[in-house]
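Following: one structure in structure tokens, then a few remarks.
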2 protein chains.
Amino acid sequence: MAEQTKIPYKIYLEENEMPTAWYNVRADMQKKPAPLLHPGTHEPMKAEELAAVFCEELVKQELDNDNRLIPIPDEIRDFYRMYRPSPLVRAYCLEEKLQTPAKIYYKFEGNNTSGSHKLNSAIAQAYYAKKQGLKGVTTETGAGQWGTALAMACSYFGLDCKVFMVKVSYEQKPFRREVMRTYGASVTPSPSMTTAVGRKILEEHPGTTGSLGCAISEAVEAAASEPGYRYVLGSVLNQVLLHQSVIGMETKAALDKYGIKADMIIGCAGGGSNLGGLISPFMGEKLRGEADYRIVAVEPMSCPSFTRGVYAYDFADTGRVCPLAKMYTLGCDFIPAPNHAGGLRYHGMSPILSELYDEGLMEAISIPQTRVFEAAEEFARVEGILPAPESAHAICAAIDEAKKCKETGEEKTIVFGLTGTGYFDMVAYEKFHDGKMEDYCPTDEELASFRTHLPKI
Amino acid sequence: MAEQTKIPYKIYLEENEMPTAWYNVRADMQKKPAPLLHPGTHEPMKAEELAAVFCEELVKQELDNDNRLIPIPDEIRDFYRMYRPSPLVRAYCLEEKLQTPAKIYYKFEGNNTSGSHKLNSAIAQAYYAKKQGLKGVTTETGAGQWGTALAMACSYFGLDCKVFMVKVSYEQKPFRREVMRTYGASVTPSPSMTTAVGRKILEEHPGTTGSLGCAISEAVEAAASEPGYRYVLGSVLNQVLLHQSVIGMETKAALDKYGIKADMIIGCAGGGSNLGGLISPFMGEKLRGEADYRIVAVEPMSCPSFTRGVYAYDFADTGRVCPLAKMYTLGCDFIPAPNHAGGLRYHGMSPILSELYDEGLMEAISIPQTRVFEAAEEFARVEGILPAPESAHAICAAIDEAKKCKETGEEKTIVFGLTGTGYFDMVAYEKFHDGKMEDYCPTDEELASFRTHLPKI
């Protein structure tokens, strides 16, 4: 099959073709993403205020709307070399299975032990923490991909790593927890009695199994209350999208190397770290009028921030201790239905992506989880890779587009992000195999009930 | 770091540099491995007898002691392209951590969904089964790597796949089972009531948690009793080592490409599939007198086939329905102590490797499992990859050799096989983290008690 074409199954860039700078898409945006606001005063957060929570260099990156290229330090590039450049795979087998004239490519970020793209930002954040002379960092993790990535990154730089893991995941995913311990991280189920906000939440909701918003509150408090610690976050923030732009830059370099022009770029979206990183350089071209691409965000029907949320200032966390961010949000108390197994469960969306979406520069769709798992299994059987449920949202949308091409006869080039592997998601796969997976679509009334607190800004 | 040298972190061959033929090391052996014998008559098994159990083309490969290169069919190479060539990684970070003058390389076979090198032979065996027009295949699996690999391969060619999984693993590793189901395989805990040999074993040992030897017996019976089915095996056999030679050929090509000469090649050894594949072309050079290498097999102290077994004809399975193989064996009823968590638990060893070892062409050492897990964790923290416990045997030996180089100042080049990832082995890692892992070293008396049945041949 591969003999018939010049494009290999996997396009690997050489190590010396790896990006030397991250791509800051904000530099290309005429209307910049809205600034973070102080939760008390509603004034834009100043650098020195942010520096109480985040590392100094990361604060700079968070606030930098102007520099298009930000050099990647050598120490981070050294680490990247252990698992990057990641392959851009031509999905020959999937194309054949679908009998589609479309050309399908996916950028595979799962070939590292954390099992996802999260490592790209984790190593950057750990590096800046180390450079600042900190002792350690705190964070939250839901499914565990971010926590694992951060544990690996901290271990590499000899930093302490404290992870607050959403209780339901802590209990259902003991193996994720154990991987983090292998890398020397301490893992606490959230809500916990170790923080004031955790104790308050447990008092009000004794049986709660936790949420990402709640774990964020605990991690922020833990960082603020111990000298030499800062808080780090794996998604949503501008700095995270910046680090993740390495995905998009490699993707673009690989496509350019073989003279391939993408028509459509598809990514799953929870907080937006993967999608934002994947599209950054492409969106840059689009914003500068140099090229056009259809860009599609795919989210779960049970957590539809883009497709059914509102664009407004909201809290980033349940405990409401974090700055306010203007984003597409379902409300900071929103938690997907318990039967939701497909990840991407954060209530809000990256302010950068929110602004781009609001301006009509990208589209968004939502998909029920049974269809997501059907796509995951179909993909696994022909392409060999067992995808994370999160990634399978993008797979599902790409398959749908490829089927449309079959009907119309169009030879479109579809690129999607395959963010990670599903080795730690077999409980969800088991539910699916046993026919016990249900779809959930919140009613308008339910969604409205989570928006009553939104601050008037 | 990488800037100082011309050798990248990861040496990836191009797809067109992938081997076009497997390397049959038996062609270079003056004394050939002993033939399989009929368990009743003790006569060498004839091709037509083997064809009742195995696919015809695989029988040919099993018996072929003469052809050095056996072409890899295009359909198999197409599949290989989905995850091969696999990277040969320079362990820069490990070298720095150890402060050793040694140069350490590892061939990483874990970057595919089955998580190990087993896929290299699974896809070959599935291909020949399909070509022969079979409906499906049966097999056994212990830790689950082989079963997963075979499930993936069968799914690709649309073959039915029946896996007998050692009961203790079936219960302790539900996620492995679920991955196999994702690829459409049926998975039965062994011993089971679905076969006569399973029922007999359950009657004699009602509480048994199963063994690999017992699962083999069941899988062989299941294949023999259903038309259109054949049995396939993931290790030990000559054909399996042949398919796995793709590991060694790629390793040699990558080393040659950069003008690197290995001094020492290290691999873990259970049934011998990985080690046999890795060393094949190097051993060929050694046998032809063209080059010399130290070749080291590493096995668990609790299952020491090479270091404390005997070289004799023995049954390949507990049910004693399979042909007899001449190999280093602990006796076909041997089962490692229950606290053994480190894989590599088969009682015998590849006849090819057994002959080479007996002739002094390679060495063998055994390592207690707590040291194996220490090495695994040390490696994971600096090199990023979470190794399978099996693979960590080779890591441990490589680290020991690198430390010797530090003492002597020798700049030796060490190459080892990193056969797979440990995502499904977190129960064992947890034991290790919690200080609950114990070492076990069978006494001479215990070992002798398993050898009383050995047929006098």
Side-chain angles (χ1 to χ4, degrees), chain A residues 1-3 8-10 12 14-16 74-75 77-85 87 89 92-93 110-115 119 148 152 155-156 174-179 181-184 373 376-377 380-387 421-430 432-434, chain B residues 1-3 8-10 12 14-16 74-75 77-85 87 89 92-93 110-115 119 148 152 155-156 174-179 181-184 373 376-377 380-387 421-430 432-434:
Chain A
M1 192 188 302
E3 262 77 19
Y9 276 60
K10 301 176 297 307
Y12 273 109
E14 301 289 325
E15 275 171 25
N16 58 21
D74 283 346
E75 292 86 346
R77 296 187 75 230
D78 274 345
F79 187 88
Y80 277 170
R81 278 194 194 87
M82 288 206 281
Y83 68 102
R84 309 203 66 86
V89 186
Y92 284 116
C93 298
N111 264 356
N112 69 74
T113 290
S114 80
L119 197 51
T148 310
M152 289 178 68
S155 157
Y156 183 77
F175 296 167
R176 268 280 179 211
R177 185 185 72 203
E178 220 49 54
V179 180
R181 284 178 78 194
T182 300
Y183 287 95
F373 277 82
E377 192 161 281
R381 290 189 182 185
V382 293
E383 288 290 319
I385 296 170
L386 182 78
T421 48
Y423 303 124
F424 294 101
D425 298 288
M426 297 320 292
V427 170
Y429 273 94
E430 187 174 17
F432 172 68
H433 294 148
D434 293 343
Chain B
M1 191 186 303
E3 262 77 17
Y9 276 60
K10 301 176 296 308
Y12 273 109
E14 302 288 325
E15 275 171 24
N16 58 21
D74 284 345
E75 292 85 346
R77 297 187 74 230
D78 275 344
F79 187 88
Y80 277 169
R81 278 193 194 88
M82 289 207 281
Y83 68 102
R84 308 203 68 86
V89 186
Y92 283 115
C93 297
N111 263 355
N112 69 73
T113 289
S114 80
L119 197 51
T148 310
M152 287 177 69
S155 157
Y156 183 77
F175 296 168
R176 268 280 180 211
R177 185 186 72 202
E178 220 49 53
V179 180
R181 283 179 78 195
T182 300
Y183 286 94
F373 277 82
E377 191 160 282
R381 290 189 181 185
V382 292
E383 287 289 320
I385 296 169
L386 182 79
T421 48
Y423 303 123
F424 294 100
D425 299 287
M426 297 320 294
V427 169
Y429 273 93
E430 186 174 17
F432 172 68
H433 294 148
D434 292 343

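Within every chain, numbering begins at 1; the chains are lettered A, B, ... in the order of the sequence lines, protein sequences first and strands thereafter.
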Task: Per-residue contact mode, V89(A) against chain B (heavy atom under 4.5 angstrom) - done: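 The answer is neither part of V89(A).
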Task: Proximity breakdown for V179(A) and chain B, heavy-atom pairs closer than 4.5 Å - done: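 Contact with chain B involves both backbone and side-chain atoms of V179(A).
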Task: M82(B) side chain near N112(B) side chain, heavy-atom distance below 4.5 Å - done: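 M82(B) vs N112(B): side chains apart.
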Open item on the list: My understanding is that only residues two or more places apart in sequence, or in another chain, count here; which of them pass side-chain hydrogen bond (donor to acceptor under 3.5 Å, both in side chains) with D434(B)?
Closed with: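 Per chain and number, D434(B) pairs via side-chain hydrogen bond (donor to acceptor under 3.5 Å, both in side chains) with R181(A).
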- [ ] Verify whether the ring centers belonging to F175(A) and Y423(B) lie closer than 6.0 Å.
- [x]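 No, the ring centres sit 6.0 Å or more apart.
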TODO: Classify the angle between the aromatic ring planes of Y80(A) and Y83(A) as parallel (below 30°), tilted (30 to 60°) or perpendicular (above 60°).
DONE: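 Perpendicular.
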Name the region of [X], side chain, backbone, both or neither, that has any atom closer than 4.5 Å to a heavy atom of chain A.
X	result
Y12(B)	side chain
E14(B)	side chain
R177(B)	side chain

- [ ] Provide the closest heavy-atom pair for R381(B) versus T182(A) in the form atom of the first, atom of the second, distance.
- [x]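 Scanning both residues, the minimum pair turns out to be NE-O, 2.8 Å.
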